[in-house]
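Indexing begins at 1, ligand by ligand and atom by atom, following the structure's order.
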Amino acid sequence: MKILHTADWHIGKVLHKHSLKEELEAFFDFLIETIKSESINVLLVSGDIFDLANPSSKDREIYYNLLSKLSQLGIRTIITGGNHDSINLLNAPKEILNHLLITVVGGAKENPEEELIEIKNDKGETELIIAAVPFLRDKDLRTINSDKKYKDRTEAVREGIKSHYMRLAAICNEKYKDIPAIAMGHLYAKGALTSDSEREIQVGNAAAVESSIFSDTFNYVALGHIHRPQVIGKKEYIRYSGSPIALSFSEKEDNKSFVIVEVKSKGELLPTVITIPKQRELKKIKGSLEEVKSKLEKYKPAYRLPSFVELEVYELDYSSLMISMLEDVIALHNEGNSFKILKHKTFFEHGQNDTSTLFTHGEQIEDVSPIEVFKKRLESEEIDSDTSQKLQEAFLEILETIQTEEV
Ligand SMILES: [Mn+2]
């Protein structure tokens, strides 16, 4: 039996107002081709299907068209909700999708046992168990450990996630002793290398879970949330598949991929990483204005879709003339078709005045996450680190409520 693990599709994601739809659709074609050529039996998608809790009807159409193609292949698909997804939105078509062999677990179940999905072979025997754990929200974790007292919210979150997985492992050991098991998850595991496009789940690294929470009952752990493909805790069988396409400039060097695991018997399942063909280059060009100008003139994109370019200009003295010259250069190049300059930043060694500002010239609000803005604001207050931590946790809690508001 062959499993394909992917995550973090972020359908509807725009990068500086530019849609990433074309590379995402190319990925979907590649996914379908691979499922056919590798004879995949089960597809696992570990959260963040959509970028927004309330995706546009066009983005929903992309999703349903893909599901329709998947169902024609006759494979089992298991989709879990991520921190970007609306539970209700994912769950709404769940009954009809069941008929197409597509199982959706939008949010945590009151009884975690219901997150266990049996995969049967042609003879009707259970050959594999999937613990389809979606992103666990604060409210899910509170009900799990409501009788215990914790030092702070971070600890409660960590312990809640741990006991959720422990409980599922215990059920697997009891009910499905000799059957291979795979756990899914949408969380921040300790040691994971992040990029600029994950929305913070909990404050910093403090609430990151240890890879040891995944009992060795699970022969493979299919994770989502972190957009760089990677192994966790040096364990080959605990992995982030990563997002299929670069979602921020910080991911420009990533080799985007997904993972195939073959299940033979109980024991560690070793993965094969499949690289996803790149459709578009994200390129950073930096130097003085003159250097940037000449680099832009020489630059030739190497992929099918127009490149997205980010400029960083370094000059000695502040000059408004220079800024307007740079803007002219950008406008000129953006008339062409081979690349688009999406963002630019200018750094002056000697500023316009001595007062420090929050951002350098050209920095846009979408480059800065809400928690970063909030942290900068906290820096201007005289408060101790404990209070600061508590305020940040409270801020993230409010943020999560807003971002995942049900539609
Ligand atoms: Mn994500």
Side-chain angles (χ1 to χ4, degrees), residues 4-16 19-21 23-24 27-28 31 43-55 59-60 62-63 66 78-87 89-90 104-108 132-138 157 161 183-205 207-209 221-232 238-252 254-259 276 282 366-372 396 399-400 402-405:
L4 194 155
H5 157 214
T6 169
D8 294 279
W9 291 350
H10 288 265
I11 302 171
K13 169 80 183 173
V14 290
L15 188 61
H16 296 269
S19 165
L20 302 175
K21 178 174 162 275
E23 50 264 63
L24 192 62
F27 158 67
F28 289 150
L31 180 71
L43 171 68
L44 305 179
V45 194
S46 301
D48 283 357
I49 310 307
F50 291 104
D51 192 54
L52 298 170
N54 191 4
D59 294 328
R60 295 175 203 209
I62 292 173
Y63 173 61
L66 174 71
I78 298 167
I79 294 170
T80 56
N83 58 315
H84 282 244
D85 294 308
S86 149
I87 298 174
L89 185 110
L90 281 194
V104 178
V105 183
V133 184
F135 168 57
L136 300 172
R137 292 183 157 76
D138 266 25
V157 166
I161 296 173
M184 298 171 76
H186 194 90
L187 46 80
Y188 186 2
K190 209 168 211 164
L193 215 60
T194 60
S195 62
D196 289 342
S197 56
E198 297 100 2
R199 196 187 271 163
E200 205 146 353
I201 294 186
Q202 280 99 23
V203 178
N205 218 343
V209 300
V221 181
L223 296 176
H225 180 55
I226 305 295
H227 296 160
R228 296 218 151 103
Q230 58 196 294
V231 163
I232 290 301
I238 305 180
R239 278 189 183 255
Y240 284 102
S241 64
S243 58
I245 58 167
L247 299 166
S248 69
F249 277 96
S250 66
E251 293 158 61
K252 59 184 178 296
D254 291 7
N255 276 321
K256 295 300 185 183
S257 51
F258 51 69
V259 185
I276 298 164
L282 300 187
E366 66 179 284
D367 294 334
V368 190
S369 71
I371 188 72
E372 279 168 355
L396 278 176
L399 195 65
E400 188 196 311
I402 299 167
Q403 287 171 331
T404 56
E405 208 155 73

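- Among Tyr63, Phe28, Phe258, the one residue that satisfies the ring pair (Phe, Tyr, Trp, His ring centres under 6.0 Å) test with Trp9 is Phe28.
- With 2.8 Å as the limit, His225 does not count as an N, O or S neighbour of the Mn ion (ligand 1).
- For His10, the nearest N, O or S atom to the Mn ion (ligand 1) falls under 2.8 Å.
- Rounding to 10°, one obtains 170° for the angle at the Mn ion (ligand 1) between NE2 (His227) and OD2 (Asp48).
- Minimum-distance N/O/S atom of Asp8 relative to the Mn ion (ligand 1): OD1.
- Remark: the backbone N or O of Ser195 is not paired with any side-chain donor or acceptor of Ser248 at under 3.5 angstrom.
- For Asp8 and His225, the side-chain atoms include no donor-acceptor pair closer than 3.5 Å.
- Looking at Arg228 and Asn255, their side chains never bring a donor and an acceptor atom within 3.5 Å of each other.
- For the Mn ion (ligand 1), the N/O/S atoms of Glu198 include none lying under 2.8 Å.
- Judged by distance alone, the side chain of Asp48 and the main-chain N or O of Asn83 form a donor-acceptor pair under 3.5 Å.
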